[in-house]
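Okay, so here's the structure we're looking at.
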2 protein chains.
Amino acid sequence: MQQTSPRRSNRERTETTRTALLDAARTLIVRNGYAGTSTPEIASEARVTRGALYHHFADKRDLFRAVLEREAEAVAAQIRDATPAAMPAMEALLAGSLAYLDAMAIPGRTRLLLVDGPAVLGLDEIAAIDAAHSARTLQEGLEAVMAASGDRSIPIPALAVLLSAAFDRAALAIEAGSEPNDFRSAVLRLVERVVASVPG
Amino acid sequence: MQQTSPRRSNRERTETTRTALLDAARTLIVRNGYAGTSTPEIASEARVTRGALYHHFADKRDLFRAVLEREAEAVAAQIRDATPAAMPAMEALLAGSLAYLDAMAIPGRTRLLLVDGPAVLGLDEIAAIDAAHSARTLQEGLEAVMAASGDRSIPIPALAVLLSAAFDRAALAIEAGSEPNDFRSAVLRLVERVVASVPG
DNA sequence: ATTAACATACAGGCTGTATGCATGCAACAG
DNA sequence: CTGTTGCATGCATACAGCCTGTATGTTAAT
């Protein structure tokens with residue numbers, strides 16, 4: 001039996017309660033989806049009441065957004081760790097791509113960030129979350145690489161958008177049970193081929 | 001005022017009622033999302049009661065699936081029309097890609113098929129709907145083109161999956177207000193570059 | 001006569017809000 | 001520096017409204 005220790009600062013209480021709610025929401029939403037997860041269930045799993053949930057978050061959607069922010073930050077951190085600033089541009093681009101796939105392989109992340117997230121929060125809000133957490137972006141990586149090659153046949157912003165979509169789909173395919181190495185190599189070759197300077 | 005004509009066969013009644021429900025659901029879900037659309041609203045918009053809705057469809061989710069099937073079939077038909085069987089493989093591949101973007105430019109389709117659909121029905125069910133309606137697939141087009149070039153550096157199934165993701169994202173970007181021609185040309189160049197045989 | 005095509009009524013569950021209570025905490029008094 | 005006082009914070013409980021799915025009743029086609 002867990003006994004509430006009689007002396008806890010308000011900051012501590014808030015911290016533990018918020019974390020418990022975020023963890024509970026993540027677990028249940030990954031398992032049953034956003035719509036299939038009720039706030040009574042979340043509160044019960046977190047060992048608090050719905051009162052605590054609605055004290056710390058504006059509504060169910062706001063709790064979900066907080067879950068996604070935590071998740072997006074974790075993904076961004078994994079990519080940062082894999083691409084130190086000293087790394088050459090092309091190497092960083094490929095390493096970052098693989099790091100993204102690895103980060104998204106944490107169970108539930110694809111469902112949270114790529115499926116339920118866009119439907120519940122909308123594409124704009126998801127884009128804002130991504131933008132807020134990914135420091136060195138794919139677009140910057142492409143710019144660094146393609147500046148050298150002098151290739152201008154595809155505008156880089158559009159290219160970054162399309163490649164990022166391919167990465168997302170690769171992550172989904174891997175989570176769905178496809179052979180990870182098939183998609184890892186496919187993503188690497190796709191990037192290589194796309195940034196390769198046109199001969200002549 | 002619309003007066004129910006006194007003599008209508010059951011087949012006619014079913015047809016008109018089902019169509020009215022599908023149209024109403026499509027309109028409202030495109031506007032407010034699946035979760036933001038209630039069955040009372042749908043029934044009201046279709047000028048019937050919820051009884052009719054639950055008579056023709058197992059539940060709200062089943063109605064939504066029927067909406068998506070109709071939508072997916074319309075997309076597939078537009079692509080078929082743009083790629084007659086006599087067309088050379090590479091030309092058909094590029095024409096089909098553009099036809100997909102055009103088809104997905106019909107307002108609401110990206111939300112239905114790419115955002116709410118996967119979240120509500122799940123990725124598997126969406127994949128099944130796509131598979132059931134698209135006759136000549138992207139994968140077949142790639143196989144036809146790349147068989148000639150003899151290029152095997154990326155497995156074609158994985159490549160088809162990744163390219164299709166890029167197409168989807170392009171469609172979303174266009175619906176979100178990006179310049180359509182930027183993404184049309186980006187998609188064309190992406191396909192060209194990916195299927196281009198490696199020199200040597 | 002039977003069945004299809006609905007309309008109406010009902011039960012349970014969920015969301016968000018309003019309200020109440022206990023505890024931390026800051027300021028001031030002594 | 002300590003005790004008291006008053007407010008804010010953290011949370012639990014109760015309530016209102018809506019929504020979904022089902023059960024039941026009624027009319028019209030076959």
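Labels below follow one simple rule: chain letters A, B, ... track the order of the sequence lines, proteins then strands, and each chain is numbered from 1. Reckoned from all heavy atoms, side chains included, excluding hydrogens, waters and symmetry mates.
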Interatomic distance where [atom1] belongs to [X] and [atom2] belongs to [N] [whole Å]:
| X | N | atom1 | atom2 | answer |
| --- | --- | --- | --- | --- |
| A/Ile42 | C/dC14 | CD1 | C1' | 12 Å |
| B/Leu53 | D/dA23 | CG | P | 17 Å |
| B/Arg18 | C/dA4 | CZ | P | 15 Å |
| B/His55 | D/dA23 | NE2 | P | 16 Å |
| A/Arg13 | C/dC21 | CZ | P | 17 Å |
| B/Phe57 | C/dC6 | CZ | P | 11 Å |
| A/Tyr54 | C/dC14 | OH | P | 11 Å |
| A/Arg11 | D/dT9 | CZ | P | 12 Å |

Between the side-chain atoms of B/Arg50 and the base atoms of D/dG21, is any donor-acceptor pair under 3.5 Å? yes
Base of C/dG24 paired with side chain of A/Arg8 (donor-acceptor, under 3.5 Å): no
Find out whether B/Asp23 and B/Glu45 are in side-chain contact, i.e. whether some heavy atom of one side chain is under 4.5 Å from a heavy atom of the other. no
Does the side chain of B/Gln78 come within less than 4.5 Å of B/Tyr100's, by heavy atoms? no
In terms of side-chain geometry, is the basic nitrogen of B/Glu175 or B/Arg109 positioned less than 4.0 Å from the acidic oxygen of its partner? no
Counting only side-chain N and O atoms of A/His56, is one of them less than 4.0 Å from OP1 or OP2 of D/dC11? yes
A/Thr39 side chain N/O closer than 4.0 Å to the phosphate oxygens (OP1, OP2) of C/dC14? no
Can you list, by residue number, the residues of residues 25-37 of chain B that have a non-hydrogen atom closer than 4.0 angstrom to DNA chain C? none
Using heavy atoms and a sub-4.0 Å distance, could you list which residues of residues 58-70 of chain A are near DNA chain C? By number, please. A/Asp59, A/Lys60
Does B/Asn10 or A/Val48 map to a spot on DNA chain D nearer the 5' end, using the closest nucleotide for each? A/Val48
Classify A/Thr49 by what it touches in the nucleic acid, base, sugar-phosphate, or nothing, heavy-atom distance under 4.0 Å. base
